[in-house]
Amino acid sequence: MTAETTAPGAAAVNAIEVRGLRKAFGDLEVLRGIDFSVARGEVVCVIGPSGSGKSTLLRCVNLLEEPSAGRVTVAGTEVTDPDVDIDRVRRRIGMVFQAFNLFPHLSALENLTIAQRRVLGRDRAEAERIARANLERVGLSDKEAAYPAQLSGGQQQRVAIARALSMEPELMLFDEPTSALDPELVGDVLAVMRGLAQDGMTMLVVTHEMSFAREVADRVVFMDGGVIVEEGTPEQVVGAPQHERTRTFLARVLDPAAAEVGEVAGGGAAGRRVDR
Amino acid sequence: MSVSKRQRARIIRGVQYGVLVVAVVVFALVADWHQLRMAFFDVGVVKALFPEIITTALVNTVLYTLLGFGFGLALGLVLALMRLSSVPPYRWIAITYIEFFRGIPCLLVFIALGFGVPLAFEVALDMNVTVMLSLGLVGAAYMAETIRAGIQAVPKGQTEAARSLGMSHGRAMVSIVIPQAFRIVLPPLTNELILLTKDSSLVYLLGLSLSQFELANFGRDALNEHKSLTPILIAGLLYLVITLPLGQLVRRLEARTAKAR
Ligand SMILES: Nc1ncnc2c1ncn2[C@@H]1O[C@H](COP(=O)(O)OP(=O)(O)OP(=O)(O)O)[C@@H](O)[C@H]1O
Ligand SMILES: [Mg+2]
């Protein structure tokens with residue numbers, strides 16, 4: 001996974017390459033030197049306690065946040081280069097948000113076609129053909145006329161995934177895609193993501209779903225305090241963590257009941273499930 | 001025996017009704033009904049007002065209002081976007097404009113455009129253009145602030161989702177943020193339309209020809225002719241024919257927005 005080569009198009013180029021990434025909000029340093037990479041077709045899950053900088057890391061990859069220092073390269077294009085056309089880069093990166101962020105004034109189908117038409121310049125017929133194919137892929141063909149407010153959370157999130165897929169991205173970023181969902185709706189969304197992984201999509205997923213990480217991820221990255229504490233295969237990181245911080249975190253996530261007893265003050269992984 | 005709280009409340013309410021009944025009775029006895037009717041509702045005068053009060057006056061009121069509203073809305077949107085611009089001079093210009101035109105009477109703008117401009121520049125503006133500019137310039141200042149608040153009320157996640165799909169800032173504004181902002185500001189904008197309907201009466205200043213009369217002017221002219229308050233009452237009722245349904249619309253839109261949340 002050493003990819004110092006930067007020739008665009010070369011098969012060896014990683015999908016995501018992050019070097020010395022730092023991000024500060026005012027005095028608060030949220031990312032304190034991150035180095036990691038995601039190979040083409042790889043599924044990487046990022047885990048870690050609340051406030052450890054997982055979302056910020058994801059948002060630095062498609063420049064929703066501007067890094068304070070360091071380099072981020074996506075499929076051979078250095079996005080931190082000031083001359084790069086970021087709108088062009090973002091087309092190739094799908095992003096799925098915790099809060100879905102569907103466009104409430106547009107139907108499901110229009111949610112999927114608007115960027116295809118306005119950004120990629122596809123005509124209506126082609127955009128709708130691609131949109132319908134992607135709605136079918138997430139199992140929502142019958143909902144194309146529905147508005148977001150008429151859909152359940154799980155359905156909204158699947159439409160959001162289909163919206164990102166309609167741009168035919170090279171990689172997908174997921175920021176806690178199931179954290180805002182009622183427990184019984186989580187499965188449908190994870191099933192869609194599992195299917196994507198099987199189809200070979202490159203995915204960087206922030207999640208608290210340990211069973212998903214264990215089953216689907218090629219690699220798990222554990223973050224705490226703005227640094228990567230450890231990374232490796234799911235068996236290594238989730239199964240046999242090397243660091244005390246990782247063990248503490250996993251104990252909380254895997255057994256929330258025990259954590260609530262042990263940590264009355266809230267916060268942490270157990271607290272976050274309650275706070276929505 | 002002391003009175004309970006509930007009994008006291010009943011007594012107070014009874015007294016209030018009593019006072020009201022006495023006032024109505026006294027008014028009914030004292031008032032000169034014949035003279036009141038002749039002043040406010042002289043059937044002969046009413047007949048003389050129609051149909052011109054509708055075909056000319058009401059139509060012109062609506063026309064002037066829509067001219068001012070249309071121009072004000074377009075300018076207000078531009079000002080709102082300038083107000084939110086990342087380029088400071090744009091913000092300064094927008095703020096100065098908004099503060100200036102919100103702070104001066106609309107009447108003054110009518111005088112400036114109707115008399116000042118023709119005198120100073122020796123060009124006479126078309127009547128409709130003068131009305132459009134006068135009402136629009138002031139209306140835009142109010143609408144700009146309303147629209148700005150609406151744009152800021154659209155959740156940040158909407159812009160982020162749009163940008164993450166590769167939309168430019170401008171494209172995200174046009175396709176995603178502004179359509180949602182307009183839903184939010186529809187009720188206050190309709191209120192602005194009601195205010196403009198009433199302000200359109202200020203065109204009387206410009207010295208109108210008969211065919212340009214709107215409701216207020218028409219009413220005043222007929223008042224002089226018939227020496228009766230009837231035209232004023234009818235003109236007032238016709239304003240209500242415009243503004244009451246709009247007010248109803250505002251309430252419906254507000255209820256809809258409240259439900260959508
Ligand atoms: N725009 C911002 N301005 C200021 N501080 C911010 C901003 N965004 C994030 N932060 C701070 O950065 C820190 C890391 O935030 P981040 O959202 O990356 O954490 P996270 O690991 O995703 O946590 P969670 O699991 O709760 O989503 C937090 O302390 C947060 O308050
Ligand atoms: Mg987060």
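Convention: sequence-line order gives letters A, B, ...; per-chain numbering from 1. Note that the structure is a prediction, hence the values are computed from the model and not measured.
Looking at every heavy atom in both residues, Gln158(B) comes nearest to Phe103(A) through OE1-CD2, 3.1 Å. The two residues Arg163(B) and Arg90(A) come nearest to each other via the heavy atoms O-CD, 3.0 Å. The nearest pair of heavy atoms linking His105(A) to Pro179(B) is CD2-CB, 3.6 Å. For the residue pair Met167(B) and Ile114(A), the shortest heavy atom distance occurs at CE-CG2, 3.9 Å. Shown here for Leu165(B) and Met167(A), the closest heavy-atom pair between the two residues is O-CE, 3.1 Å.
Atom CD of Glu126(A) is surrounded by more than 12 heavy atoms from other residues, nucleotides or ligands within 6.0 Å. Counting non-hydrogen atoms of other residues, nucleotides and ligands closer than 6.0 Å to CZ of Arg88(A) gives a total of 12 or fewer. More than 12 heavy atoms of other residues, nucleotides or ligands shown are found within 6.0 angstrom of OH on Tyr97(B). Residue Phe50(B) places its CZ atom among more than 12 non-hydrogen atoms of other residues, nucleotides or ligands, all under 6.0 Å distant.
Residue contact with chain A, scored on non-hydrogen atoms closer than 4.5 Å, involves the backbone and the side chain of Ala162(B) alike. For Arg59(A), the part lying under 4.5 angstrom from a heavy atom of chain B is the side chain only. Only the backbone of Ile93(A) comes within contact range of chain B, with at least one heavy atom under 4.5 Å from a heavy atom of that chain.
Annotation: maximal heavy-atom pairing with chain B below 4.5 Å, among Ala115(A), Ser166(A), Ala164(A), occurs at Ala115(A). For chain B, the option among Leu102(A), Ile86(A), Val89(A) with the highest count of heavy-atom pairs below 4.5 Å is Leu102(A).
The distance from atom CD1 of Ile176(B) to atom CG of Asn111(A), rounded to the nearest 0.5 Å, is 7.5 Å.
Judged purely by atom type and a 3.5 angstrom limit, Asn62(A) has no side-chain atom pairing as donor or acceptor with the backbone of Ser164(B).
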